[in-house]
Each structure stands twice: as C-alpha cells, then as structure tokens.
2 protein chains.
Amino acid sequence: MPRVSDVKKRLTDAALDLMWENSYGTTSVDAICERAGAKKGSFYYFFKSKSELTAAALEAEWNKNKANMDALFSPTIPPLERFDRYFDHVHDRLAGLQHECGSILGCPLLSIGSEVSTQDKIVRDTVDRILDRKIKYFESAIRDAHAQGLIEAPDPQAKAKTLFACYHGTLAQARIQNDLELLRNFKEIAMDVLGAKPAAITST
Amino acid sequence: MPRVSDVKKRLTDAALDLMWENSYGTTSVDAICERAGAKKGSFYYFFKSKSELTAAALEAEWNKNKANMDALFSPTIPPLERFDRYFDHVHDRLAGLQHECGSILGCPLLSIGSEVSTQDKIVRDTVDRILDRKIKYFESAIRDAHAQGLIEAPDPQAKAKTLFACYHGTLAQARIQNDLELLRNFKEIAMDVLGAKPAAITST
DNA sequence: AAAATAGTTGACTGGTTAGTTTATGCGGGT
DNA sequence: ACCCGCATAAACTAACCAGTCAACTATTTT
C-alpha cells in the first residue's frame, strides 16, 4: 500500500473533530487513532506527541480555511459586507455541525487554547499564532471601512481586537449555552460595536 | 475531631484553584484531595462525583464574590463608574494571581464551561446559571446609565450581553496569550462599546 | 534482484484515572 | 455507659492513559 499515505491527514482531521466537539483533555490518542482508522504505532511514527499532533491539526485546519477567509475578506467586497458574510458563514457552519453532533461547538482555537494555555507551550503558541493571523482580516476590513468613511476607527488594530474579542466571547457563550441564537444576529452587534450607521450597510 | 468539619470547603477551594490554574481535565481527584489535605474517602463521602464537586466549587466561589459584586455595582455609584471599578477589580485580582502562579488565568466560568459544556451537564448548567446572574449586574448598570442619558441603550439586556461577551472574549484572549495588558485598558474599550462619550465618565 | 526507504502493526509498559469498599475513630444524645 | 451517625482512613479495582518498541510489509531506488 505505502508510498504516499493519507494517515497523517486522517489523524489531524480526527483529532480536530474530537477535540472541537469534546475537549483536548478528553480526547485520547487511542480515540483519535480509532476514528482515523490508524494504529498507535503510526500515530507516533508521524507525531512526537499528542501536543504536536494538536498543533499540526490546528495548522491544517487553518490552511483548509485560509482560502475561504481570503475570499470572504476580499478587498473587492465592500468592507462592512465582508463582516456580514463572514459571520453568516461561521453561523451556517456551526449550524451544520450542530445538526451532526447536537451541540454548538464555538471556536476550537479558543476552547482548546483556553484549556491548555497554562500547561502546553506547543499548542498555546500555535493557537496564538493562528489567532494573530485571523485578526488581520478584521483589521484590514476595518481600515478600509474607516478610509471610506463608513465608520470612525482611527486605530484599526484596536478596533479589530475589540470586535475579535467580542465575537469570540459570543462564540464561547454560544458553546456554553448551546445556543445558536446568540450568533444569528451577531452581524448587528458587530455593526454596533464598529459604530456603523445602519445606512452604511445596506442602502435604506 | 468531628462534629463540624471544614473539609468540604477545603475541597471546593482546592478544586477551584487547580481547575482555574490548569483545567478541569487535568485536575485529578487525587490532586484535589492532596491540596485540601483530605483523603479520597472523605471526598466521596461529601460529593458524588468530580462533576458535583466542581459545581459546588463554582457555586461556592460565586457566593464568596457576590457581596463584592453587590458593592461594586451598588446603585449608589454612578452607573458607568461601576464598570470602571469592576474592571479594575478583576484586573488587580488577576494580576495578583499572576504573581502567584505566573499566568493570567482569565475567567474560570468561561474556561471550565467551555471545556466541559458538551460532556458534563451538571457543570454546564451550573456555569450557565452563574453567568446569568453575573450579566444582571451589567444589565442594570446599563439601564441606569441609559436613564441618566450617559449612553444610548434602548435595549439594556442586549447591550449587556454584548459587553459581557466582549469582556469574556478579552479575558479568554488574555489567558491564551498570557497578557495582562489586554485587560489594563479594557475600561476604555467598554466605554467605546457602550457608546459613552469620554466626557460622561470623568468631567473633562 | 537486492538493498534502502517509507510506512504499518500489535503487543507492551508503567503510571494514572475516577470511583468503591470495608473497617475504624470520635462526639453527642439518651 | 452506651450507642448511633457523622466523618476519616487506607487499601483496592478495573479501566484508561500517553508513549515505546521490535518485527513486519510494501514500495522505490540502484
């Protein structure tokens, strides 16, 4: 069979699925292997440790999503509409996952990151790095919106941090309360936080 | 010795400390007992399970903090100043804990809640209940601020949810990045989210 | 075809986990 | 003085955990 193997990918996929739905701590290497249809030997052939697998899984997830993020936050789209589309997209994705597993799962970076941050440097640094990349999309959309006079944001980085925190806080609450509704109208909350006049979003 | 025993309290204290600093999953019953100076037999005499102990620990922590919250959010204090004081208080507490354990710990309700929410109904419901109580402080302060014309918030409950999410998102990020700085100037971010004119906070 | 390479397998280790059991101590009520 | 019930103690179970290892197979290179 060998030559090229997709076990590595199957392992990172399985790990992310299980950790996102449950948690880092309750996801055992055995369970990851079972879902990936791999044996433990293969696991430790490809990865040094559970931490490293997790870091790889998060990076892989990021790479899967990057193209999509680039499209959603394309400079060809009016800046505030980018947020609209992004929040809709995440909402729909989480709704789909809820259909599969019965729970609102929130953001894996936040749940996993917050769980391991004081104990696992490898995973923590990975989460940190990816969050930094994500926030850049917010920042440039906000800068564009400010330049077009749609919002007042002389410090786009600060505004991006605020909106980012607000969104992730909402995602965390949605997970804890298993309530998708909190995300349904986040668009409006975002516009409120950004200080956009309703008229700036759609022509009224 | 018997008659009244403080083991129960020692157990909930130890559990909260360990789970806050590390996580629910990595905090073993053995470790809790050791820190509390109790034996496992006592643990399972007082509590049915680790879940129940955790729920009790969170409730106990809430009760410890309630008087303080009532004071910070006293109606005798100008509404926006309540937030100022509250954010300062949390900042100082987390700074103190960082001094002890080297990490910014964030909000235990959020980290523990997000970790166990899909798997542990007992703990999840407890977290949910306490978060609901906490948000009420925000809500009434916002309502008062609106009534006094300090901010524009026709829907205080929605505004409270937004600010609450934003704050918890920031706390989570502070934990993940181990960065207290994110919390140092949250007061200003809060005022921005609330839409308060700078002049409304302190007389300029 | 032989050797080097890339990947796979399953059995194993030693330590840890949540939770149980059984026996025992100590104090207050009668 | 005696007993009852709250509380403690230590030893125990059985499952599970992350990680190891040496033998094995299939492919590619030479």
Side-chain angles (χ1 to χ4, degrees), chain A residues 1-19 21-58 60 112 115-124 126, chain B residues 1-19 21-58 60 112 115-124 126:
Chain A
M1 296 156 220
R3 168 70 182 166
V4 283
S5 150
D6 63 336
V7 173
K8 204 164 173 173
K9 182 190 178 314
R10 293 211 312 271
L11 283 168
T12 52
D13 281 353
L16 194 91
D17 284 355
L18 292 169
M19 288 178 189
E21 179 168 350
N22 305 294
S23 66
Y24 177 87
T26 58
T27 300
S28 71
V29 173
D30 285 317
I32 296 168
C33 290
E34 193 188 332
R35 171 181 274 239
K39 295 292 152 61
K40 234 199 197 137
S42 298
F43 183 106
Y44 284 100
Y45 173 75
F46 287 110
F47 303 101
K48 273 217 284 282
S49 65
K50 188 180 165 187
S51 294
E52 259 196 17
L53 175 271
T54 307
L58 292 170
I112 297 174
E115 179 181 350
V116 307
S117 63
T118 60
Q119 297 171 266
D120 191 314
K121 190 165 159 37
I122 298 175
V123 178
R124 189 239 283 255
T126 304
Chain B
M1 294 160 221
R3 183 34 206 188
V4 283
S5 151
D6 62 336
V7 172
K8 205 165 172 170
K9 185 193 175 310
R10 293 211 310 269
L11 283 168
T12 51
D13 282 353
L16 193 91
D17 284 355
L18 292 169
M19 288 177 188
E21 179 169 350
N22 305 293
S23 67
Y24 178 86
T26 58
T27 300
S28 73
V29 174
D30 285 320
I32 296 168
C33 290
E34 193 187 331
R35 172 180 273 239
K39 293 292 153 63
K40 241 205 194 126
S42 299
F43 183 106
Y44 284 100
Y45 172 76
F46 287 110
F47 303 101
K48 274 217 282 285
S49 65
K50 187 180 165 186
S51 294
E52 260 197 16
L53 175 270
T54 307
L58 292 171
I112 297 174
E115 180 182 350
V116 307
S117 63
T118 61
Q119 299 169 266
D120 190 316
K121 192 166 157 36
I122 299 174
V123 177
R124 189 240 282 256
T126 305

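Residue numbers begin at 1 in each chain, while the letters A, B, ... track the order of the sequences.
In this structure A55(A) satisfies the side-chain contact (heavy atoms from CB on, under 4.5 Å) test together with I122(A), T126(A), sequence neighbours excluded. Every residue meeting the salt bridge (charged side-chain N to carboxylate O under 4.0 Å, His left out) condition with D17(B), not counting sequence neighbours, appears here in chain and number order: R35(B). Annotation: ring-ring contact (aromatic ring centres under 6.0 Å, His included) contacts of F46(A) (sequence neighbours excluded): none. Annotation: side chain to side chain donor-acceptor pair (under 3.5 Å) contacts of D13(B) (sequence neighbours excluded): K9(B). Qualifying salt bridge (charged side-chain N to carboxylate O under 4.0 Å, His left out) partners for K40(B), counting only residues two or more places apart in sequence or in other chains: D30(B). Qualifying salt bridge (charged side-chain N to carboxylate O under 4.0 Å, His left out) partners for K39(B), counting only residues two or more places apart in sequence or in other chains: none. In terms of the side-chain contact (heavy atoms from CB on, under 4.5 Å) criterion, residue partners of T12(A) (sequence neighbours excluded) are, by chain and number, F47(A), L53(A), A56(A), A57(A), A60(A). Listed by chain and number, the residues in a side chain to side chain donor-acceptor pair (under 3.5 Å) with S23(A) are T26(A) (sequence neighbours excluded). With sequence neighbours left out, the salt bridge (charged side-chain N to carboxylate O under 4.0 Å, His left out) criterion links E34(B) to no other residue.
In the set dC6(D), dA18(D), dA18(C), the nucleotide with an atom closest to the side chain of V29(B) is dA18(C). Of the candidate nucleotides dG10(C), dA18(D), dA7(D), dG10(C) has the atom lying nearest to any side-chain atom of K39(A). Distances were taken from every side-chain heavy atom of K50(A) (C-beta onward) to each of dA18(D), dA18(C), dT8(C); the shortest belongs to dA18(D).
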Using the 3.5 Å cut-off, write out each protein N or O paired with an N or O of nucleotides 20-22 of chain D and the distance between them.
none

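Residues from residues 30-37 of chain B placing a heavy atom under 4.0 Å of any atom in DNA chain D do not occur.
In this structure, R124(B) does not pair ionically with D120(B), as no charged nitrogen and carboxylate oxygen lie closer than 4.0 Å.
Atom CZ in R10(A) sits about 11 Å away from atom C1' in dT8(C), given to the nearest Å. Going from atom CZ of F46(A) over to atom C1' of dT9(C) covers 13 Å, rounded to whole Å. Y45(B) places its OH atom 19 Å from the P atom of dG19(C), with the value rounded to the nearest Å. Separating the NZ atom of K8(A) from the P atom of dA6(C) is a distance of 13 Å, rounded to the nearest angstrom. The CG-P distance, from D6(B) to dC6(D), rounds to 18 Å in whole Å. In this structure, L11(B) atom CG and dG19(C) atom P are separated by 14 Å, rounded to whole Å.
Under the 4.5 Å side-chain criterion, counting only non-hydrogen atoms from C-beta, E21(B) is not in contact with Q119(A). Inter-residue side-chain proximity for F43(A) and S49(A) is flagged as unmet; no heavy-atom pair is nearer than 4.5 Å.
Of the side-chain N and O atoms in S28(B), one or more sit less than 4.0 angstrom from OP1 or OP2 of dT17(C).
Within 4.0 Å (heavy atoms only), T27(A) reaches sugar-phosphate atoms of the nucleic acid but no base atom.
Between V7(B) and F43(A), the one whose closest nucleotide on DNA chain D sits nearer the 5' end is V7(B).
The rotation axes computed at either terminus of the helix from dA1(C)-dT30(D) to dT30(C)-dA1(D) lie 0° apart, taking five pairs at each end and rounding to 10 degrees.
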